[in-house]
S.K.: 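One structure, pasted below without further comment.
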Amino acid sequence: MNPSENTVSQTLAALGIAQPDEISSLFAEVRARFDAEIIRAHDEPNWNITKVVWLGRKSGVLAQITDNWLKPATPELKRAVGASLNELRAHVESKIEECRVAIESGSEESALTRERVDLSLPGVVRPIGSHHLIRQVFQDVEDIFVSIGFSVVEGPEIETPYYNFEALNIPEFHPVRDDMDTFYIDLAKGAPTPLLLRTHTSPMQIRTMEKQKPPVRVIVPGKVYRRDNPDATHSFAFHQVEGLAVDTDITFCDFTGTIEYFVKQFFGSGVKTRFRPSYFPFTEPSVEFDVSCIFCGGSGMAASGGICGKCKGAGWIELFGAGMVDPAVYGFVNYDAKKVNGFAFGMGMDRLAMLKYGIDDIQVFFQNDVRFLRQFP
Ligand code: DAH
C-alpha cells in the first residue's frame with residue numbers, strides 16, 4: 001500500500017504536522033489519490049466501491065479525515081483543516097456525481113445498441129396450431145344442422161337438479177339417475193338449491209323452451225360430466241350435441257328424415273340406418289339410433305375374414321338416443337301439449353369422432369399429445 005494512503009488513519013500529531021501551511025500539501029496528496037481512483041470507476045460496480053471508500057459514513061476516507069485530522073486538531077490547525085476538508089468534500093462529491101451521470105448515459109447507449117432490431121434477420125417461424133378433433137367434429141355437426149334450419153345455442157355446465165333432471169321428467173329416485181352418476185358441487189349449508197355438473201346437454205331443451213315459443217329448432221353443443229371411471233370408452237368429461245325441434249306439425253317422419261339426413265351427411269351416403277325401441281324419460285316413444293358398421297360395411301365380417309371387432313359381428317353400431325318429446329316435458333315449460341309436438345336427440349361427439357376416424361380410446365381426446373393432434377390438422 002502507498003504509505004500516503006495510511007495518512008488518514010493517523011492524527012496530524014502522529015504525522016508530525018504542526019503548522020497550518022503543511023495542511024494544503026497533505027490534502028493535495030489525498031485529492032490526487034481520489035482523482036486517480038475515480039478515473040478507474042467506469043462501470044456501476046466500481047463506481048459503488050469508490051463511493052463507499054470515499055464517502056462511506058463510518059470509515060470512508062472523508063469520515064476518517066474528520067475523525068483523525070479535524071476533530072483532534074489543535075486550535076491553530078483546525079481552521080485550515082476544516083477549510084481544506086470542505087473543499088475536498090465538494091470536489092469528491094461533484095466528481096462522483098459526474099461519474100454517475102456518465103455511467104448511466106453510457107449504459108443507456110449500450111442498451112439501445114443491444115435492443116436495436118435487425119430487420120434483415122429472418123423471422124421466427126411459429127408453428128400454427130389446429131382445431132382439436134372434437135372441435136372439428138362439433139363444427140361438422142353444427143354445419144349440417146344449420147344447413148337445414150337449426151340454430152346453435154349453448155348453456156351452462158353448472159346446472160340445478162331441476163333442469164338436469166326434474167323438468168326432463170326424471171323425478172328424484174328415478175332409476176335413470178343411477179346411470180348418470182353425478183358430480184354435485186359442495187355448497188355452503190343453506191344454499192337455495194343444490195348445483196351439479198350437467199350430465200347431459202338435455203337441460204338446454206328446457207331452458208330453450210322456457211325462453212321461446214314454438215317453433216323451436218336448436219342444437220346444443222357442449223361439455224357434460226359424469227362420475228365415470230376413465231377407460232377406453234368412458235371419461236368423466238365428454239361432449240354432446242343435443243337437438244330439439246318443436247312445432248305444431250312435426251311427425252315421426254320428420255324425425256327419422258332429419259336424423260337419417262344428418263347421418264348420411266356425416267358418415268357418407270353409403271351407410272344404412274335403423275331405429276330400435278329404447279327408453280328415455282323425456283321422450284315417448286324413445287329410440288336408439290344405429291348405423292351400419294362403418295368398419296365392415298355392415299357385413300359383420302372383418303376384411304381379414306374373422307368377425308368384425310368394432311361391431312362384434314352385428315353389422316350395426318349404436319350411435320345415439322332420440323325420440324319424440326314426451327308430452328310431460330311440455331308441462332314444465334308451459335307449452336300446450338295438445339297443440340305441439342316434436343323430437344329430440346342427444347349424441348356423443350367423442351363417440352362420433354371415434355367411429356368416423358377409427359379411434360379406439362376416448363382418453364386420447366383429453367391427453368392432447370401433439371403426436372395425436374397433428375394427425376388431424
Ligand atoms: N340425454 C341423453 C343422455 O345423455 C341422451 C338423449 C337421449 C338425449 C334421447 C335426447 C333424447 O334428447 O331424446 O344419455
Side-chain angles (χ1 to χ4, degrees), residues 138 141-142 145 150-157 159-171 174-183 196-210 216-228 233-247 250-252 254-260 262-263 273-291 318-330 332-333 335 337 340-352 362:
F138 266 133
V141 172
E142 287 170 26
F145 280 106
F150 283 74
S151 16
V152 180
V153 293
E154 287 184 60
E157 289 175 19
E159 267 298 4
T160 61
Y162 176 77
Y163 285 105
N164 198 78
F165 296 124
E166 268 105 60
L168 286 161
N169 205 23
I170 313 176
H174 192 291
V176 160
R177 291 206 190 186
D178 293 350
D179 294 339
M180 294 191 176
D181 266 343
T182 308
F183 289 113
L196 50 81
L197 296 184
R198 67 176 176 194
T199 57
H200 50 180
T201 40
S202 306
M204 274 307 285
Q205 291 191 25
I206 306 300
R207 289 186 180 276
T208 306
M209 288 190 281
E210 275 182 349
V216 171
R217 275 181 191 76
V218 292
I219 55 166
V220 188
K223 276 204 188 84
V224 301
Y225 304 86
R226 288 186 202 173
R227 266 191 55 205
D228 281 331
T233 53
H234 294 87
S235 165
F236 51 80
F238 54 104
H239 307 85
Q240 286 188 336
V241 169
E242 190 80 13
L244 176 70
V246 179
D247 207 337
I250 290 190
T251 64
F252 199 84
D254 296 319
F255 168 47
T256 54
T258 305
I259 296 219
E260 269 167 23
F262 162 71
V263 171
T273 56
R274 76 172 184 189
F275 291 105
R276 277 177 300 115
S278 184
Y279 172 75
F280 298 100
F282 37 92
T283 45
E284 183 59 37
S286 302
V287 303
E288 210 54 73
F289 192 78
D290 293 351
V291 64
E318 183 182 315
L319 265 194
F320 53 83
M324 301 302 286
V325 176
D326 191 310
V329 172
Y330 296 131
F332 286 95
V333 294
Y335 276 16
V340 296
N341 37 44
F343 62 84
F345 54 87
M347 42 205 184
M349 286 303 100
D350 312 79
R351 185 166 168 75
L352 288 192
I362 194 175

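Read the numbers this way: they start at 1 and go in the same order the structure lists the ligands and their atoms. Along the sequence shown, the residues carry numbers beginning at 1.
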S.K.: Between R217 and S151, is there a side-chain heavy-atom distance shorter than 4.5 Å?
M.R.: no
S.K.: Using the side-chain hydrogen bond (donor to acceptor under 3.5 Å, both in side chains) rule, collect all pairs that involve residues 342-352, keeping only residues at least two apart or in two chains.
M.R.: H239-D350
S.K.: What closest approach, in Å, do F345 and A322 show between heavy atoms, and which atom pair accounts for it?
M.R.: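 Closest approach of F345 to A322: CB-CB, 3.6 Å.
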S.K.: Near ligand 1, which protein residues have a heavy atom under 4.0 Å away?
M.R.: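 The answer is M180, H200, S202, Q205, R226, Q240, E242, F280, F282, T283, G321, A322, G323, A344, F345, G346, counting any residue whose heavy atom sits under 4.0 Å from ligand 1.
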S.K.: Is it the case that the ring center of F282 lies less than 6.0 angstrom away from the ring center of F332?
M.R.: no
S.K.: Within a 6.0 Å radius of atom CZ on F236, are there more than 12 heavy atoms belonging to other residues, nucleotides or ligands?
M.R.: no
S.K.: Specify the closest pair of heavy atoms between G222 and R198, including all atoms of both residues, with the distance to one decimal.
M.R.: CA-NH2, 3.4 Å
